Structures are given as C-alpha cells and as structure tokens.
Amino acid sequence: MQLTIKNLTKTYGEKVVLQDIDFTFEEGKIYGLIGRNGAGKTTFFNCLNEDVEIDKGEVILNDDYGQNKLKTDDIGYVISTPTVPEFLTGKEFLSFFLEINKDKLEKPKTIEEYFDLVKINEEDQDKLLKEYSHGMKNKMQMLINFIAHPKVLLLDEPLTSLDVVVQEEMKQLLKNMKKGHILIFSTHILELALDLCDEIVILNNKRLELIEKNHLNTKKYKDKIIENLRDEKND
C-alpha cells in the first residue's frame, strides 16, 4: 500500500503554504514529519483529511483495490489536544464505539483487553472522561484509532505534552500499529522523531524532502536536519 501525493498546493490568499508537493508514503513505516513551527505541517494534514480544500493536486491511495482518491474513511487523525465526549465514562465511550463499529472489526477484543493496551486502570474506566488527565484522554484517542484500523494515520504532535511514561507507552503502541498502515507523525522535536520513526521527512520551503537515515544517531545526520530547517525562509 502506498499514499501518493501529486503536485499538492495550498494557499491562503497570497500566502503559499504548500507548493507542488510530490511524495510517496509506504505501508509499514512511521514517517516523522519535521518542520519549524508554522511551516505548514497541520495544513498538510488538513489537506489530506479534506478539512481544507486544496488549490491543486491530488492524493491517491494505492492498495489491494487499485488506485483511488484518498477518502476520509481511510484516515485516522490524532491531534495534540484530544477531543472526547466528556459526559461519558471511559467504559461507556469505548462500548459505544465498539458497538457502532462491530461489523468492521475482524478480531475484536474484550473491553478489558482494549483498556489493557493503553494501560488504563480498572478504577479509571468508570470515571467520566471529563475527569481524565490530558494523557489519559490522549490514550483514549489513540485507542479509538487503533480499533478503527485506518489505512492512513495522521498524528499531529500527539506526544508533545505527555509525561515520559505515557510517551513511552504511546510510542510502543504506535510501533505495534505500523504493520499494515501508513503512519505520519508530525513533531517539531527532533529527538522524538529519531527515536520513534523509520523515516524522517522535512517540510521545508513549502515542500517535503526525505532525509536519508544511513547514520540515524550521528551528529552529522542531526546537523544536516537542523541545517535544512535553519535554511527555511520564513514568509
């Protein structure tokens, strides 16, 4: 499975945010999308998710069914500030989600098994979601996408504000998810991307550039990434 971006361009008035992006993402990998704040990472995700209309270009998903335009049903989207129905308990929310998606689940687990995946304790499962911490809400958001099994998962700064323990738990879940999926992980934290991702892609000067990872943790490699980001021209 491949996600192919062709000539994607997005402008806001006279400001060009993304320009003629050509890129192919492949199944089974976590791509770290790196860029300075304001470089257009969230705009890029919103274009893929059809939250904003692109000016030109196309986004094609190549899978077992052939080549087709990427649909919102193919996409999962995890944002840094999770939105959950706070009037429900964790267990009620999960039960509801499993019920409405029961025909789509190939090998459904029990509610307890799903909660175990994200390490939410039994005593917290019956709490209202409004009482959950930011990290716990983030876990629920990640869990829903794990269950939904989207072909393409967009992750917009999902780990930035989490504590170290929750970060490690979420990183392991993402690594377990990458088989059979395309994961694009947006962050401005280089070390986090290097630790988690299989490929590093820089959004630089309105385009995507793949950075070779032959020497992943060498100073020369990190310096190259930083130099690419430093050279970006602010509009």
Side-chain angles (χ1 to χ4, degrees), residues 1-11 16-35 39-79 97-109 114 117 141-158 170-171 173-187 193 196-204 206-213:
M1 180 170 63
Q2 293 181 325
L3 178 66
T4 302
I5 318 293
K6 297 181 178 179
N7 301 319
L8 190 151
T9 296
K10 176 60 186 175
T11 62
V16 181
V17 181
L18 307 172
Q19 186 171 34
D20 294 322
I21 289 179
D22 289 296
F23 200 86
T24 297
F25 297 94
E26 297 182 350
E27 174 186 347
K29 294 181 178 180
I30 303 176
Y31 289 84
L33 178 61
I34 301 291
K41 301 187 296 297
T42 298
T43 297
F44 177 64
F45 279 177
N46 288 337
C47 288
L48 298 186
N49 200 40
E50 296 187 337
D51 285 337
V52 299
E53 185 176 354
I54 64 175
D55 295 294
K56 71 172 183 176
E58 57 183 347
V59 184
I60 302 296
L61 185 67
N62 302 279
D63 58 14
D64 294 338
Y65 300 98
Q67 295 186 7
N68 296 286
K69 181 177 180 293
L70 182 69
K71 305 184 296 294
T72 53
D73 288 347
D74 298 322
I75 301 172
Y77 198 172
V78 177
I79 59 178
F97 188 83
L98 291 172
E99 176 63 26
I100 64 175
N101 288 280
K102 61 183 179 181
D103 295 335
K104 303 176 184 178
L105 304 180
E106 295 181 3
K107 297 179 180 179
K109 303 177 184 294
Y114 282 123
L117 277 175
Q141 183 181 224
M142 199 81 76
L143 178 58
I144 292 306
N145 279 280
F146 179 83
I147 295 170
H149 204 69
K151 295 177 180 178
V152 178
L153 182 57
L154 309 177
L155 302 125
D156 192 1
E157 304 272 3
M170 293 299 95
K171 283 192 287 187
L173 181 62
L174 290 173
K175 289 176 182 179
N176 293 339
M177 285 181 67
K178 67 181 182 179
K179 182 178 180 181
H181 301 79
I182 296 170
L183 275 66
I184 309 176
F185 181 91
S186 165
T187 183
L196 174 65
C197 302
D198 302 292
E199 303 284 358
I200 299 295
V201 181
I202 289 180
L203 179 53
N204 187 44
K206 307 175 186 64
R207 292 183 172 87
L208 296 183
E209 177 187 357
L210 181 69
I211 301 295
E212 295 296 331
K213 290 185 62 177

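Please read all numbers here as calculations on a predicted model, not as lab measurements.
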Please report the C-alpha distance between I21 and N7 in whole Å, then the side-chain angles of each, then the deciding distance to 0.1 Å, and finally whether the side chain to side chain contact (heavy atoms under 4.5 Å, CB included) criterion is met.
CA-CA 5 Å; I21 289 179; N7 301 319; over 6 Å; no
[atom2] on [Y] to [atom1] on [X], rounded to 0.5 Å:
{"X": "E27", "Y": "L61", "atom1": "CD", "atom2": "CG", "result": "9.5 Å"}
{"X": "L196", "Y": "I30", "atom1": "CG", "atom2": "CD1", "result": "4.5 Å"}
{"X": "D51", "Y": "N46", "atom1": "CG", "atom2": "CG", "result": "5.0 Å"}
{"X": "L8", "Y": "E58", "atom1": "CG", "atom2": "CD", "result": "10.0 Å"}
{"X": "I75", "Y": "N145", "atom1": "CD1", "atom2": "CG", "result": "11.0 Å"}
{"X": "H181", "Y": "F146", "atom1": "NE2", "atom2": "CZ", "result": "8.0 Å"}

Does any N or O in the side chain of [X] come within less than 3.5 Å of the main-chain N or O of [Y], such that one atom is a donor and the other an acceptor?
{"X": "E50", "Y": "T72", "value": "no"}
{"X": "K10", "Y": "Q19", "value": "no"}
{"X": "D74", "Y": "K151", "value": "no"}
{"X": "N62", "Y": "Q67", "value": "no"}
{"X": "N101", "Y": "F97", "value": "yes"}
{"X": "K29", "Y": "E199", "value": "no"}

Using a 4.5 Å cut-off on heavy atoms from C-beta on, say whether the side chain of [Y] contacts that of [X].
{"X": "L18", "Y": "I54", "result": "no"}
{"X": "I34", "Y": "T187", "result": "yes"}
{"X": "E157", "Y": "K41", "result": "yes"}
{"X": "L48", "Y": "L154", "result": "yes"}
{"X": "P158", "Y": "F185", "result": "yes"}

If you look at every heavy atom in [X] and [Y], which pair is closest and at what distance?
{"X": "Y77", "Y": "N49", "result": "CD1-ND2, 3.4 Å"}
{"X": "L203", "Y": "K206", "result": "CD1-C, 4.0 Å"}
{"X": "D198", "Y": "K178", "result": "OD1-NZ, 3.0 Å"}
{"X": "Q2", "Y": "I182", "result": "C-CD1, 3.9 Å"}

Go through the steps for E26 and Y31 under the test side chain to side chain contact (heavy atoms under 4.5 Å, CB included), then give the verdict.
CA-CA 9 Å; E26 297 182 350; Y31 289 84; 3.5 Å; yes
Does the plane of the ring in F25 sit parallel, tilted or perpendicular to the ring in F44? Use 30° and 60° as the thresholds.
tilted
Any carboxylate oxygen within less than 4.0 angstrom of a Lys/Arg side-chain nitrogen, looking at D20 and K56?
yes
Can you check side chain to side chain contact (heavy atoms under 4.5 Å, CB included) on V59 and I5, steps first, answer last?
CA-CA 5 Å; V59 184; I5 318 293; 3.7 Å; yes
Test applied, side chain to side chain contact (heavy atoms under 4.5 Å, CB included); reference residue, M142; option that passes from I147, L117, L173:
L173
Given the rule in the side chain to side chain contact (heavy atoms under 4.5 Å, CB included) test, do L208 and L33 qualify, once you have shown the distances and angles that lead to the verdict?
CA-CA 9 Å; L208 296 183; L33 178 61; 3.7 Å; yes
